[in-house]
Amino acid sequence: MKQLSKVLRLAQPTRLPRLGTRQARLLQTQAAIYTEPGDPQAVVRVVERNLPDVPGSNQVLVRMLAAPVNPSDLNQIEGTYPVKGTFDKLTTSTDTIYAAVGGNEGVGEVIRVGDGVHGLQVGDWVVPQRAGQFGTWCTHTMANASSLSAVPADWRSGLDPLDVACLKVNPCTAYRLLKDFAALNPGDYVIQNGANSGVGRAVIQLARYWGIRTVNVVRERPQLDQLHQELISLGADIVVSDKQLATDDVKQQLKSLDAPVRLGFNCVGGRATLQMTKFISAGGTLVSYGGMSRQPVTMPTSLLLFKDISACGFWMNRWYNQSFTSSRLEDEKHQMWREILGLIQQKKFVTQPLVTSNWHSQMDIGKAQEAVSGAVTWGAGSKHAFEFTQ
């Protein structure tokens, strides 16, 4: 995967060994924090944060390796996301403030383990178990061991940290969309909007791997031919724009498919979703997992009565929460992670294109702020991620 990088490199401190019960020293780190909800461009700022270099009981010290910027992260900062950031006392280089660290997804490396910790050790790669427990946009964090899940070394062998950092939300959402809402047979179709999104690209690749065919709707744009070829190269079968979806030629093409369109996946909402839903076959299901247009999902009575189309929603965060009280779902979670990471290892799945910014705890605070500000904006045009360099 070709990455665009804003290279802001400085040397990383060496990994801290476990030194028993000696008195803790302060470790200088950096974090992107906010003290109140609001426009991410206005409220997110980078601060120097002092952490003890010896974890407390049942805690681990983690050096972050990579963390993406998801739309849900920006919604959380705005205060519009159901899962709120965790506000706590935070000691900076100048004072103590009450703030939350941004970001919910990412991967870090355990560099020190506190007393009473079981199941984690120095060198493990870990991901947050739940959104909102602690922020991932930071060079280091002190976390309760119970808030982390280890990624086994053989599952991540040979992978870039960004592949693991971006595992839990988009690829897993696509996995569950394809697995949980219909018994799809090889050759069946699914139709989706937002097909060039992180979830959309993951749906295309997983569907191809399982023999499912995809109809992919994207927003009309000047570079449509380029995007068309890009999605076809991932395994898409049909790619059309939202405007093309309303043309007679495309309507006839989709009505003449040789297999049913069993599912529709919506992340947009509004009239474009209604137009797409008309191509779902009788008895099929529309599953909404997002609403980027912030317009409601509507369905005419005819689709409900005469085609028996059903509609439901899916939220990956709710599924994860349910997995903590279900041994069956916990097993499915591990199988899902292992299968997706295995496909990346086999070069059968690629993480969506990312604009990456390198970040380090000794970086000039102004440069770190510039990198963060460029990433936490709705107008960025591309998905951003932080790589925490050594």
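- One N or O on the side chain of Thr29 and one on the backbone of Arg49 form a donor-acceptor pair closer than 3.5 Å.
- Lys333 is linked by a side-chain hydrogen bond (donor to acceptor under 3.5 Å, both in side chains) to Glu330, counting only residues two or more places apart in sequence or in another chain.
- Relative to the ring axis of Tyr81, Lys84 does not place its NZ or CZ within 45° and under 6.0 Å from the centre.
- Of the possible polar contacts, one joining the Thr277 side chain to the Thr273 backbone as a donor-acceptor pair under 3.5 Å is found.
- Side-chain atoms of Thr92 come within 3.5 Å of backbone N or O of Thr94 as a donor-acceptor pair.
- Side-chain atoms of Asp331 never come within 3.5 Å of backbone atoms of Arg328 as a donor-acceptor pair (strictly under, hydrogens ignored).
- The number of heavy atoms from other shown groups lying within 6.0 Å of CE (Met299) is above 12.
- Annotation: cation-pi pair Lys168/Tyr320 present, NZ/CZ under 6.0 Å from the ring centroid and within 45° of its normal.
- Without hydrogens or angle criteria, Ser293 side chain to Val268 main chain gives a donor-acceptor distance under 3.5 Å.
- The existence of a salt bridge linking Arg156 and Asp124 is excluded, since no basic side-chain nitrogen approaches an acidic carboxylate oxygen closer than 4.0 Å.
- Of the possible polar contacts, one joining the Lys307 side chain to the Ile280 backbone as a donor-acceptor pair under 3.5 Å is found.
- With sequence neighbours excluded, the residues satisfying side chain to side chain contact (heavy atoms under 4.5 Å, CB included) with Ser373 are Gln41, Gln369.
- With Gln59 contributing its side chain and Gly56 its backbone, the two residues share a donor-acceptor pair below 3.5 Å.
- Put simply, the side chain of Ser281 never gets that close to the backbone of Gly284: no donor and acceptor are under 3.5 Å apart.
- In terms of modelled atom types and a separation under 3.5 Å, the side chain of Arg213 and the main chain of Gly187 share a donor-acceptor contact.
- Shown here are the side chain to side chain contact (heavy atoms under 4.5 Å, CB included) partners of Val372, two or more places apart in sequence or in another chain: Ala32, Val44, Val46, Trp359, Val376, Phe386.
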